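Structure, as structure tokens:
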There are 2 protein chains.
Amino acid sequence: MSDGLARTLFALSDTNRLKIVELLKTGPLPVGEIAAQLRLNQPQTSKHLKVLLEADLVRIEPAANRRIYHLRTEPFQGLTAWSQSFEQQMISRMTRLETYLEQKQNAVNPKE
Amino acid sequence: MSDGLARTLFALSDTNRLKIVELLKTGPLPVGEIAAQLRLNQPQTSKHLKVLLEADLVRIEPAANRRIYHLRTEPFQGLTAWSQSFEQQMISRMTRLETYLEQKQNAVNPKE
DNA sequence: TTTATATATACCCTTTAAGGAATATTCCAA
DNA sequence: TTGGAATATTCCTTAAAGGGTATATATAAA
């Protein structure tokens, strides 16, 4: 999977990773905290974090013994931009279609 | 996977499904058209469409022999809303943190 | 240097995903 | 009612995901 957007979407498509991301939204946390709060095993937590890391959704700030995971904002901005423009294009296509149909209708059955 | 958002994200996380969705953005199409344009086998196209259907990303409009797949707007609106509010919350948390740190700094080392 | 703590990795197992080929189903037309 | 076109489904195979347990690695403290 080389597509960046697909990778972002995939990383977020697992419920546990989604929970991790929602948790990190409230602030950076070390692995152990994340595992504890979400009742996940530490190894799985690390593995999920690795997926998020490879999708650039998080970054690591080493602090002594621990590794603090921070959310990155860029991928979310990218996701918002994509989804929003997608929506926009769908809607404007539909609007154009409606307009076209109205005009066609008026041509067949003119009101004045 | 019962979480609606996770299901949406998963459905979109496959590159072929992403292509299908991008194609359908330009307008509704029957299965055969989708398969032809994306050079996918018909069975796989049907299977991918099923995943999209179960995630409520598309709807079917039967037309004689064929089944026309339409994109639905709601899930994209939901995705945009989620991602946007997510972003928003991240940013506002960071802003609060900056403000706090500035105040703390001013208290230690007052300018006037 | 040893020890403890936090985290990452390896290995195993089970489940699920995705592609291909063949077949079933549906609906229209003749 | 038979045939053909469009689509869905089934079966098979391969690859990858996710969870569990054990172990390796790294860093700080004793």
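Letters go in sequence order (proteins before strands), and every chain restarts at 1. Since the model is a prediction, treat every value here as computed from it, not as a measurement. Because only heavy atoms are used, hydrogens play no part in the values below, and waters and symmetry mates are left out as well, while side chains stay in.
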Across all chains, not counting sequence neighbours, the ring pair (Phe, Tyr, Trp, His ring centres under 6.0 Å) partners of B:Phe76 are A:Phe86
Computed from five pairs at either end and rounded to 10 degrees, the angle between the axes of the helix from C:dT1-D:dA30 to C:dA30-D:dT1 is 10°
Checking C:dA8, D:dA17, C:dT7 against the side chain of A:Tyr69 (C-beta onward), the nearest is C:dA8
Residues A:Ile68 and A:Pro30: closest non-hydrogen pair is CD1-CB, 3.9 Å
Sidechain-backbone polar pair: A:Arg72 side chain, A:Arg59 backbone, donor-acceptor under 3.5 Å: no
Contacts satisfying ring-ring contact (aromatic ring centres under 6.0 Å, His included) that involve residues 29-68 of chain A (not counting sequence neighbours) are none
Find every protein N or O atom lying less than 3.5 Å from an N or O atom of nucleotides 26-30 of chain D, and list the pairs.
{"unit_1": "D:dT27", "atom_1": "O2", "unit_2": "A:Asn65", "atom_2": "OD1", "d": "3.3"}

The answer to which of A:Asp14 and B:Ser46 contacts DNA chain D further toward the 5' end, by nearest nucleotide, is B:Ser46
N/O (side chain, A:Arg17) to phosphate O (OP1/OP2, D:dG18) under 4.0 Å: yes
Contact check, residues 47-55 of chain B vs DNA chain D, heavy-atom distance under 4.0 Å, returns B:Lys47, B:Lys50
Residues in residues 26-45 of chain B with a heavy atom under 4.0 Å of DNA chain C, by number, are B:Asn41, B:Pro43, B:Gln44
From CD1 of B:Ile20 across to C1' of D:dT7 the rounded distance in Å is 14 Å
